[in-house]
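Naming: A, B, ... by sequence-line order, numbering from 1 per chain. A quick note: this is a predicted structure, and the numbers were derived from the prediction, not measured.
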2 protein chains.
Amino acid sequence: MRNVSALHLLVRKLEKHVALDGEDSRAILDLPHTVHAYKAFDYIIREGEQPGACPVLISGFAFRQKLAEDGGRQIVSIQIPGDALDLQQLFLDYADHSVQALTEASIALVPRPALRELAMRRPRIAHAFAVNNQIDASITREWLLNIGRRDARTRIAHLLCEVAVRLERQDLVTEYGYELPMSQEQIGDATGLTSVHVNRMLRDLERDGLITRHSRTIRFPDWTVLKRVADFNPLYLHVGQQSAVPIPA
Amino acid sequence: MRNVSALHLLVRKLEKHVALDGEDSRAILDLPHTVHAYKAFDYIIREGEQPGACPVLISGFAFRQKLAEDGGRQIVSIQIPGDALDLQQLFLDYADHSVQALTEASIALVPRPALRELAMRRPRIAHAFAVNNQIDASITREWLLNIGRRDARTRIAHLLCEVAVRLERQDLVTEYGYELPMSQEQIGDATGLTSVHVNRMLRDLERDGLITRHSRTIRFPDWTVLKRVADFNPLYLHVGQQSAVPIPA
DNA sequence: CGCCTATTTGATAGCCGTCAACCGGAGTGG
DNA sequence: CCACTCCGGTTGACGGCTATCAAATAGGCG
């Protein structure tokens, strides 16, 4: 029996949006790669550097961040198992942001040239990559709306909802509850707030019965109400999208 | 002599990052398209709809926006002549944000299927599209940092710098000055501020000699200082990038 | 058990929003 | 030509949301 490639999570994710035939998915699974263990806070990609390989998150969490001159930190996305961490800049010369491990993480490194060449040779795979990137771009735009136009409480609730839906989609969540391995300071960095205010808002949400917390495990007693409070409309995640016949022959 | 295609601006923009051979650029120029005139505030793409065509901005300005439930408006990008307005969601089923004309604008509409088919048939063009989208994504991430972690004055200065550099790159700017056809309310919607506060900050910047204004024409007496005040580092625009030999054969 | 980090809490300050009024230029109609 | 209107820009007073500062508590790990 075939060895199970570390990349099967990625294939599974891509296939949710674009139908890949057996050859396509095998071509991805057969990509050369090495698997590495990262500890929390390890850099995976450093801003300014030219990544030699595209990391794919096998297990654990990671985040993308940018820094302001005054030291302010902005987390621009949360990445969960199955996410490719460099597809968004696969064709750019240097990284315009850093990627760090949020927890201990297992990561497959795929050489960039192999990935680029695959995209050039197999249009359907290029198409799958494009859909993946376009959904990521949509998420970033929603974050912009979140930070630019929603108050602190709503912002945080929105983040919790997004992560929940994305984890659920990867079958990583049980019964409306999951562990969000972020400190309150990191939640602040993701929402443009301070850790102190994040704390107050989380307690608010808990007091109002919208969430429960045990250490960093979060549960949603009433998803419907939380969604409304969070101004959360999952359309921007394009979860329903599945192009069975993506391209005219 | 060949008719000059309305799409030559797009080709010129793509070629700044990826070397296209004559066949590639001709294939783009020969894409079927119709040119339309839009008035300020006309919708070009509506959130939730499935665009039938990809609009390419020939002249004039446009912006992308999303709305919060409470009516809050967030502008998530400014588009200038030469920009393709749907490449970012070419493979998605429905638009996750709206695009509106900021000024009177002339726009070429290219049928989506033709564009998709071109991307599938010509890997180098798909590559050019990918680079274009990845730069747009980088800009969106910088906006996230801008709104999440910089104060009002810095934010606005940063926006002014970005538009200046992007216009300059398209040869649409003269001597460190240009017309920014946005009301102060729109600048606020782009920076997560109110029009009142935008006004105060613009006056501040002017009082400090960092900008001059005559109606909506903005000039920068001291670009070096302004860049510092704006915490503006143009790396995220990837302006220097030019892959002469993008892909191993 | 002790250290270290994360969380929690309170007091105070400040940036920016809100509300409201006034100004000013461009277009319109008399 | 001038009055009128309208929208956008300008200004001031005030309030509130969130940051800042500081300290206490709790939790994880040796």
Side-chain angles (χ1 to χ4, degrees), chain A residues 39-41 61 63 68 70-75 102-104 146-160 179-208 211-218 229 231, chain B residues 39-41 61 63 68 70-75 102-104 146-160 179-208 211-218 229 231:
Chain A
K39 290 195 293 291
F41 299 107
F61 287 67
F63 62 93
D70 68 359
R73 177 186 314 270
Q74 180 65 45
I75 292 179
L102 191 53
T103 63
E104 288 193 354
N146 203 34
I147 294 182
R149 288 298 178 206
R150 294 201 262 249
D151 64 22
R153 188 179 141 105
T154 311
R155 265 184 236 183
I156 292 169
H158 192 279
L159 176 66
L160 298 181
E179 190 194 346
L180 181 66
M182 299 173 73
S183 69
Q184 293 179 0
E185 178 151 11
Q186 288 167 330
I187 294 175
D189 286 342
T191 49
L193 301 166
T194 58
S195 60
V196 174
H197 205 61
V198 168
N199 180 278
R200 288 196 249 264
M201 294 299 106
L202 283 175
R203 278 201 55 250
D204 253 41
L205 291 169
E206 192 169 30
R207 174 175 49 74
D208 295 350
I211 63 173
T212 68
R213 293 179 298 155
H214 298 92
S215 110
R216 287 177 178 174
T217 296
I218 302 198
V229 168
D231 192 11
Chain B
K39 291 194 291 290
F41 299 107
F61 286 67
F63 62 94
D70 68 359
R73 177 185 316 268
Q74 180 65 45
I75 292 179
L102 192 52
T103 62
E104 288 192 357
N146 202 33
I147 293 182
R149 287 299 178 205
R150 294 201 264 248
D151 65 21
R153 190 179 140 104
T154 312
R155 265 184 237 183
I156 292 169
H158 192 279
L159 175 67
L160 298 181
E179 189 194 346
L180 180 65
M182 297 173 74
S183 69
Q184 294 181 356
E185 178 152 10
Q186 288 168 331
I187 294 175
D189 287 342
T191 50
L193 300 165
T194 58
S195 60
V196 173
H197 206 61
V198 168
N199 181 280
R200 287 195 254 259
M201 294 300 105
L202 282 175
R203 276 199 58 249
D204 253 41
L205 290 170
E206 192 169 29
R207 173 174 50 74
D208 295 349
I211 62 173
T212 67
R213 293 179 296 156
H214 298 93
S215 108
R216 288 177 178 173
T217 296
I218 302 198
V229 167
D231 191 12

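- For the segment residues 194-207 of chain B, the set of residues with a heavy atom within less than 4.0 Å of an atom of DNA chain C comprises Thr194(B), Val196(B), His197(B), Arg200(B), in numerical order.
- Among the nucleotides dT18(D), dC16(C), dG28(D), the one closest to any side-chain atom of Ser215(A) is dG28(D).
- Under the 3.5 Å distance criterion, the side-chain polar atoms of Thr154(B) are left unmatched by any main-chain donor or acceptor of Arg150(B).
- Take the nearest nucleotide of DNA chain C for Ser183(A) and for Arg149(A): the residue whose nucleotide is more 5' is Ser183(A).
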Candidate pair Arg216(A) and Glu179(A), rule salt bridge (charged side-chain N to carboxylate O under 4.0 Å, His left out), full reasoning = CA-CA 6 Å; Arg216(A) 287 177 178 174; Glu179(A) 190 194 346; over 6 Å; no
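- By the 4.0 Å N-to-carboxylate-O rule, Arg149(A) lies too far from Asp231(A) to be salt-bridged with it.
- Checking the phosphate oxygens (OP1, OP2) of dG9(D), no side-chain nitrogen or oxygen of Arg213(B) falls inside 4.0 Å.
- Across all non-hydrogen atoms, the minimal contact from Thr103(B) to Pro181(B) is CG2-CB, 3.3 Å.
- Across all strands, Gly72(A) comes closer than 4.0 Å to no nucleic acid atom at all (heavy-atom distances).
- Counting to the nearest Å, the P atom of dT18(D) and the CG atom of Asp151(A) are 6 Å from each other.
- Salt-bridge annotation for Lys39(B) and Glu104(B): absent, with no side-chain N of the basic residue lying under 4.0 Å from a carboxylate O of the acidic one.
- Atom CD in Glu185(A) sits about 11 Å away from atom P in dT20(D), given to the nearest Å.
- Here Arg216(A) does not reach the OP1 or OP2 of dG27(D): none of its side-chain N or O atoms lies under 4.0 Å away.
- The NE2 atom of His214(A) sits 15 Å away from the C1' atom of dA26(D) (whole-angstrom rounding).
- No donor-acceptor pair under 3.5 Å is formed between the side chain of Arg73(A) and the backbone N or O of Asp189(A).
- If Gly192(A) and Phe41(B) are placed on DNA chain D by their nearest nucleotide, the residue sitting closer to the 5' end is Phe41(B).
- Distance CG (Leu193(B)) to C1' (dT10(D)): 17 Å, rounded to an integer number of Å.
- Per the geometry, CZ belonging to Arg155(B) stands 13 Å off P belonging to dC15(C), to the nearest Å.
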